[in-house]
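Data block below; observations after.
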Amino acid sequence: MATAHSSASSLPDVGGTADARTAAGRPGALLRRGLAVTFGLVVATAAILGTTQAPASAAPVPGTVNQCNYIQDGGGNEIACDVTITNYLDLDTGLSRSDITVRTCEGAVGELVCTTIPVSFPTATTVVDQCNNSANGGGSIATCNVSVENVIVGDATTSPATVNQCNGSGAEGPEPTLNCTPVSSTTSAAITQCNASVNGGGAARRVTCTVDSSTVSAALPVTIRQCNDSVNGGGSTLTCTASLTHRILPAGTVTPTPSPTPSATPPAVTPSATPPAVTPSATPPAVTPSATPPAVEAGQTPTPSANPLIPIAGGGGGGAGYGTDLAETGTELAETGTDALPVFLIAAGALLIGGILLTVMLVRRRSTQL
């Protein structure tokens, strides 16, 4: 009986040990699950860190020049803006680029302040918007010009450019108010300029707008819009010109046009002809060092200022419907990178949650064992 009692009393002990193991196993399972969740969060964070390439500031989209829009209203103001573009396109490779020079001038009549900046884009520039909705008010002046040349390497054809010009302009005042070549009304034209402008009276021939002999190509379509809805007000004048030309080169031609741009540098090297002139001067040691530093300093200073590689067009005004202003996006072109703050916040949150989960599991396991 004593033995039976002993065995019977031992059974509950065995059962209690099994329950204890089961209870002890639950925190272990939870611990493993917590560690798995933490590991998953860390892996996800690492993946985000490795793949996120969000720009800290949006880079401008090459392909549009937008300047001198929605500026200098109020009367008695003047704007003078120019855009010169040379596009390069190789049809075999599909590669393109553009060299641009923008000039903007604005101020009171006769008191213009001008800025000229060269810009290079890694793709062709196919849209030009300038001098639209600007200089509205009596006694204002606007003078704007656009010249675009497309250099295409490969099999391409051209056709005459369509023009929409001098419609709804020059109302009131002595006739003729228009001096436009041609006067043409075409929807979705390649060149649209001098429409709904210079109304309100003034001198004869106060609207002088010209589209030089221009062509278009399906290989590289270009759109020019300028001098529309501008200089409305009595006694104002408008002078605008536009030109779109093409140069088609045989396939396989080594891009000859980019080399003229660097060829502007050798003339800058030409001052190196000065040292030979200085060398005969029997004082080579003293003259050479004194001549060299000024040449280097003079060469270094203009280089960054003359070639800022930032598409900033001073005086450009942002306007709805006219793309992205170069003056507003120039600094953004140089400011691209990764904004890591949100990513690091996610990583910190993941690690914090994992740490809390791990601590809770360890505490529960310890209390269960006790």
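None of these values were measured; they are calculated from a predicted model. Computed from heavy atoms alone, side chains included, the values below leave out hydrogens, waters and symmetry copies.
Although no hydrogens or angles enter the test, the distance criterion places a donor-acceptor pair under 3.5 Å between the side chain of N199 and the main chain of G168.
Residue R225 forms a side-chain hydrogen bond (donor to acceptor under 3.5 Å, both in side chains) with just one option from N132, N69, D129, T192, and that option is D129. Between I191 and the choices V211, D212, V216, the side chain to side chain contact (heavy atoms under 4.5 Å, CB included) rule is met once, by V211. When each of D99, T126, T123, N150 is paired with N87, the side-chain hydrogen bond (donor to acceptor under 3.5 Å, both in side chains) condition holds for N150 and for no other.
A distance below 2.5 Å between sulfur gamma atoms is met by C166 and C180. Not less than 2.5 angstrom separates the SG atom of C227 from that of C131.
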- [ ] Could you walk me through whether T215 and H246 pass the side chain to side chain donor-acceptor pair (under 3.5 Å) test, one step at a time?
- [x] CA-CA 7 Å; T215 57; H246 289 75; 2.9 Å; yes
Task: Working for disulfide bond (SG atoms under 2.5 Å apart), residues C144 and C68 - done: CA-CA 9 Å; C144 303; C68 299; over 6 Å; no
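Residues Y88 and L220 fall into different hydrophobic clusters, defined by Ile, Leu, Val, Met, Phe, Trp and Tyr side chains chained together at heavy-atom separations under 4.5 Å. Residue V148 is grouped with residue V83 when hydrophobic side chains (ILVMFWY) are merged at heavy-atom distances under 4.5 angstrom, including chains of intermediate members. Under a hydrophobic-cluster definition in which Ile, Leu, Val, Met, Phe, Trp and Tyr are linked whenever side-chain heavy atoms come within less than 4.5 Å, directly or via other members, L178 and V163 are assigned to different clusters.
Within a 6.0 Å radius of CG in D92, more than 12 heavy atoms belonging to other residues, nucleotides or ligands are found.
A distance of 7.5 Å separates CG in N136 from OG in S197, rounded to the nearest 0.5 Å. Rounding to the nearest 0.5 Å places CZ of R247 at 13.5 Å from OG1 of T158.
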